[in-house]
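Report on one structure; see the data block that follows.
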Amino acid sequence: QNQRKITERVGNDPLLWLSLANAEFFNDIIHKQPVDGDAEKAVREAIKLAPKRIELWQFLVQYYGYQNNYEKVVEAGNEALALNPYRPDLKWQLAMAYYLGGKMPEALTTGNQALEEGYKFKSLREFAWFIQYYKTEKDYAKAIPLYKKAIELDPSEIGLYVDLVTMYIH
């Protein structure tokens, strides 16, 4: 009943629907309960009202990612990219979804596009899989610049220097 009162007040404002979606989603997370779909319903209402608002699609990327539903992450991520194809951060999110969903060729293509467009890594953990792939494939031309970025992010990690020297030797 409280839910119905709230949704009646939201009306046709997509940002209020997004706020409601966030509240529902965080409530599920905070109370460590299964995601019940109320957040998705709310953001879908927002999308009906404003389908070109990128933040609505980005919410779905996070929402589906939390559920490890990488197929839906890819769908929502592609919708977001269709609205703004010049966002390397969105491309990197999409690359991660492909990777976690087991679609390595798409992950590599999208990840490389994100880097070419200027995406900057925030932590080594974020792209360790990328480095490992090129190292395993012995694609040193791709691995070496990634190791250099890794060293910039974590200069105290001696193993990165050793791996980089190994890449140069090969």
Side-chain angles (χ1 to χ4, degrees), residues 14 17-18 21-22 24-26 28-29 34-154 157 159-160 163-164 166-168 170:
W17 279 107
L18 178 60
N22 275 310
E24 292 287 349
F25 186 39
F26 289 130
D28 291 341
I29 292 170
V35 176
D36 62 10
D38 288 341
E40 182 179 15
K41 288 176 195 167
V43 82
R44 290 286 177 192
E45 285 297 320
I47 289 171
K48 285 181 195 172
L49 295 167
K52 294 188 184 271
R53 292 206 68 132
I54 196 167
E55 65 269 30
L56 304 176
W57 294 103
Q58 287 179 289
F59 172 86
L60 285 176
V61 167
Q62 298 299 319
Y63 178 79
Y64 294 134
Y66 179 77
Q67 298 174 58
N68 299 322
N69 187 340
Y70 301 113
E71 190 171 306
K72 287 198 173 193
V73 170
V74 167
E75 289 174 20
N78 278 321
E79 289 289 342
L81 272 175
L83 294 172
N84 189 347
Y86 306 106
R87 292 272 308 270
D89 58 318
L90 293 177
K91 285 189 179 169
W92 186 256
Q93 276 187 322
L94 192 56
M96 291 293 298
Y98 282 129
Y99 167 69
L100 293 169
K103 296 182 176 181
M104 188 58 86
E106 293 90 341
L108 295 168
T109 300
T110 309
N112 282 315
Q113 286 173 353
L115 291 176
E116 289 167 12
E117 293 174 15
Y119 182 73
K120 302 284 185 230
F121 297 114
K122 292 156 198 69
S123 72
L124 174 57
R125 185 173 171 220
E126 183 181 11
F127 68 108
W129 66 272
F130 211 54
I131 293 173
Q132 187 60 42
Y133 175 82
Y134 288 117
K135 179 181 174 184
T136 302
E137 293 297 311
K138 297 181 172 49
D139 187 342
Y140 305 120
K142 292 270 190 184
I144 287 171
L146 292 170
Y147 270 102
K148 288 179 178 180
K149 289 177 192 221
I151 288 169
E152 287 174 21
L153 290 170
D154 194 357
E157 178 55 52
L160 293 173
D163 285 346
L164 181 59
T166 305
M167 298 293 115
Y168 276 117
H170 291 302

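Quick note: numbers below take in every heavy atom, side chains included, and nothing from hydrogens, waters or symmetry partners.
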Practice task
Would you mind reporting whether Leu100 and Trp129 have side-chain heavy atoms less than 4.5 Å apart?
Solution key: no
Practice task
Flag the pair Phe127 / Leu115 as yes when at least one side-chain heavy-atom distance between them is below 4.5 Å, and no otherwise.
Solution key: no
Exercise for the section: Search all heavy atoms of Leu153 against all heavy atoms of Ser123 and return the closest pair with its distance. Expected result: CD1-C, 3.7 Å
Handout entry: Greater than 12 external heavy atoms within 6.0 Å of Lys122's NZ
Key = yes
Fill in the blank from the handout: OG1 of Thr110 to OH of Tyr98, rounded to nearest 0.5 Å, is 5.0 Å
Problem - Residue pairs, two or more places apart or on separate chains, that pass side-chain hydrogen bond (donor to acceptor under 3.5 Å, both in side chains) and touch residues 47-63 - result: Glu45-Lys48, Arg53-Glu55
Handout entry: Closest non-hydrogen atom pair between Val73 and Ala97, with its separation
Key = CG1-CB, 3.3 Å
Problem - Close side-chain approach of Leu83 to Glu79, heavy-atom, < 4.5 Å - result: no
Exercise for the section: Could you check if a side-chain atom of Leu90 sits within less than 4.5 angstrom of a side-chain atom of Gln93, using non-hydrogen atoms only? Expected result: yes
Practice task
Quick one: sort the Tyr66 and Phe25 rings into parallel, tilted or perpendicular, breaks at 30° and 60°.
Solution key: perpendicular
Handout entry: Heavy-atom check, side chain of Asp163 versus side chain of Ile131, under 4.5 Å
Key = no
Problem - Ala46 versus Pro14, closest heavy-atom pair with distance - result: CB-O, 3.4 Å
Fill in the blank from the handout: One should read off an interatomic distance between Leu81 CG and Ile54 CD1, to the nearest 0.5 angstrom, of 7.0 Å
Practice task
Supply the atom-to-atom distance Lys135 NZ to Thr166 OG1, rounded to the nearest 0.5 angstrom.
Solution key: 7.0 Å
Practice task
Go through the side-chain N and O atoms of Tyr64 and Glu40 and say whether any donor and acceptor fall under 3.5 Å apart.
Solution key: yes
Handout entry: Tyr140 and His170 aromatic ring geometry - parallel, tilted or perpendicular at 30°/60° bounds
Key = parallel
Exercise for the section: Measure the CG-NZ distance between Leu94 and Lys91 for me, rounded to the nearest 0.5 Å. Expected result: 9.5 Å
Problem - Distance in Å, Lys142 NZ paired with Glu137 CD, rounded so as to fall on 0.5 Å steps - result: 12.5 Å
Problem - Sidechain-backbone polar pair: Asn112 side chain, Leu108 backbone, donor-acceptor under 3.5 Å - result: yes
Problem - Parallel, tilted or perpendicular: ring planes of Tyr119 versus Trp92, cut at 30 and 60 degrees - result: parallel
Practice task
Any chance you could measure Phe121, atom CZ, to Leu146, atom CG, to the nearest 0.5 Å?
Solution key: 6.0 Å
